Protein chains: 2
Amino acid sequence: MARTGRRPGGVDTRAGILAAARFEFGAKGYHQATIRGIAAGAGVDPALVHHYFGNKEDLFAASIDLPLRPTEIAETLLADGLESAGRNITNLFFTVWENPETRDPIMALLRGAFSTEQGAAVLREFFGTAMLRRVAPQIGGPDAELRASLAMSHLIGVAVLRYVVGFPSLTTVPIEQLVNTLAPRIQAYFTD
Amino acid sequence: MARTGRRPGGVDTRAGILAAARFEFGAKGYHQATIRGIAAGAGVDPALVHHYFGNKEDLFAASIDLPLRPTEIAETLLADGLESAGRNITNLFFTVWENPETRDPIMALLRGAFSTEQGAAVLREFFGTAMLRRVAPQIGGPDAELRASLAMSHLIGVAVLRYVVGFPSLTTVPIEQLVNTLAPRIQAYFTD
DNA sequence: AGAGTAATTCAACACATGTAGAAATCGACG
DNA sequence: CGTCGATTTCTACATGTGTTGAATTACTCT
């Protein structure tokens, strides 16, 4: 039985490690996620993780750098004008969070914001430079930035309670009803 | 210089350790907060922490067990009737979060919910059994529980963005303005 | 087919952490 | 003033962690 050395078959081990890393970082947060655990999740030796992504920090950075382009989010948000923005962003929000493929990295991002100051900075960057600067001007008024931030804070709060804390009142409700109740409040921050 | 042994002066070392623990757990979360760090914060040997609070888990439990009686919160909330509940709860919310003495333990609670499943359970218990069962019936209607949960989620989201992530749009605004913009949305979940 | 390179694992180090037990010092109380 | 218990520190251990360097195997290119 060959143990060490290169594996036969051209499997993309690097991608497997990255997927495992996203899952682990999302499930346990930056610090409690271990390189050994990620390696085990990918069926691989811990040293291989270091071979592909040098550092744990670098691995984390790679884990949250993904096709979640804020530009597209802003586009989707404003596609049908500001009057539909509330429902659009709420729908997109749950689409992202309900799909495991996109949930893992954004969960890692959210947990990272709680784990390290660097993670918090990433989230600030994500919302601030990326989204606020695009959306807030469309709202207008002196407190446009505050309104947009509060709309985001509401969505984040729902994510925390539903996907992190697992609060029953929010996990048992069908998404459709959740959207129907939530979207008008988000909308109110945009046009009101 | 006497190193080991009992210290002169009847200082309440136990309370000092507890305060340091609340601060550390709040600042770094359950796992990244270390017993050695807490001990250093209290100017004390790590073993003394174990002497007073046996476990790290027990210490954490003691850190989040505090005068934040959900009963009183529910009372304050409903004191002036449901029509003022939105502003009342929003005010109380910021009062608690702006005072370091009450912020530390609730920060520890919030961070704990992200760090361990046990912490998440504590938060579920805190909101669920304690608050929802008191407030939701006052709202009435088939989706009363959902509405109350969404109101809470909004407040939590603000806490996350303002106190954990440090999002500039929310940290630079005076609390008064924050309350004025936020309270009506919370109120809308109660009466609308 | 042979040489070079990429992929993969093994074994180990250095370090931080939670925790336990023994020892030392101080206050209280007879 | 002597004894007992509470308080406090020292030392140490077992464990899990990120990380490294050497060794081994497979693929690729000429």
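Below, chains carry the letters A, B, ... as their sequence lines are ordered, and counting in each starts from 1. Being a predicted model, the structure only gives us computed values, none of them experimental. Just the heavy atoms: all of them, side chains too, but no hydrogens, waters or symmetry mates, feed the values below.
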D/dT8 phosphate, OP1 or OP2, under 4.0 Å from B/Thr13 side-chain N/O: yes
Round to a whole Å and report the spacing from CD of B/Glu57 to P of C/dG18. 12 Å
Taking atom P of C/dT19 as reference, at what distance in whole Å does atom CD1 of B/Ile35 sit? 6 Å
Verify whether one side chain among B/Gln187 and B/Thr191 offers a donor that lies under 3.5 Å from an acceptor in the other. yes
Can you check the B/Ile17 CD1 to C/dG18 P distance for me, whole Å? 14 Å
When you check the phosphate oxygens OP1 and OP2 of D/dT8, does a side-chain N or O of B/Tyr52 lie under 4.0 Å from one of them? yes
Rounded off to whole Å, could you give me the CD1-to-C1' distance for the B/Ile38 and C/dT19 pair? 14 Å
Could you grab the distance from atom CZ of A/Arg185 to atom CZ of B/Arg147, nearest 0.5 Å is fine? 6.0 Å
Mind calculating the distance between NE2 (A/His50) and C1' (D/dG21) to the nearest angstrom? 13 Å
Starting from the 5' end of DNA chain D, give me the residue, A/Lys56 or B/His51, whose nearest nucleotide shows up first. B/His51
Check the pair A/Glu117, A/Arg124 against salt bridge (Lys or Arg N to Asp or Glu O under 4.0 Å), reporting the backbone distance first and the verdict last. CA-CA 10 Å; A/Glu117 164 54 29; A/Arg124 281 195 297 269; 2.7 Å; yes
Is there a side-chain contact between B/Asn55 and the phosphate of C/dG18, meaning an N or O under 4.0 Å from OP1 or OP2? no
Checking C/dT19, D/dT9, D/dT8 against the side chain of B/Ala47 (C-beta onward), the nearest is D/dT9
Looking at C/dT19, D/dT7, D/dC10, which one has an atom nearest to any side-chain atom of B/Leu48? D/dT7
Expressed in angstrom and rounded to an integer, what is the separation of B/Leu59 atom CG from C/dT17 atom P? 15 Å
Does B/Phe23, at its CZ atom, have more than 12 non-hydrogen atoms belonging to other residues, nucleotides or ligands within less than 6.0 Å? no
Nearest-angstrom distance from the residue atom CZ of B/Phe53 to P of C/dG18: 15 Å
Answer yes or no for A/Lys56 and A/Tyr30: cation-pi contact, defined as NZ/CZ to six-membered ring centre under 6.0 Å and angle to ring axis within 45°. yes
Taking only the side-chain heavy atoms of B/Asp45 (C-beta and beyond), determine which of D/dT17, D/dT9, C/dT17 contains the nearest atom. D/dT9
Describe the nucleic acid contact of A/Ala33 in one word from base, sugar-phosphate, nothing, applying a heavy-atom distance below 4.0 Å. sugar-phosphate
Check whether the side chain of B/Arg36 and the base of C/dG18 form a donor-acceptor pair under 3.5 Å. yes
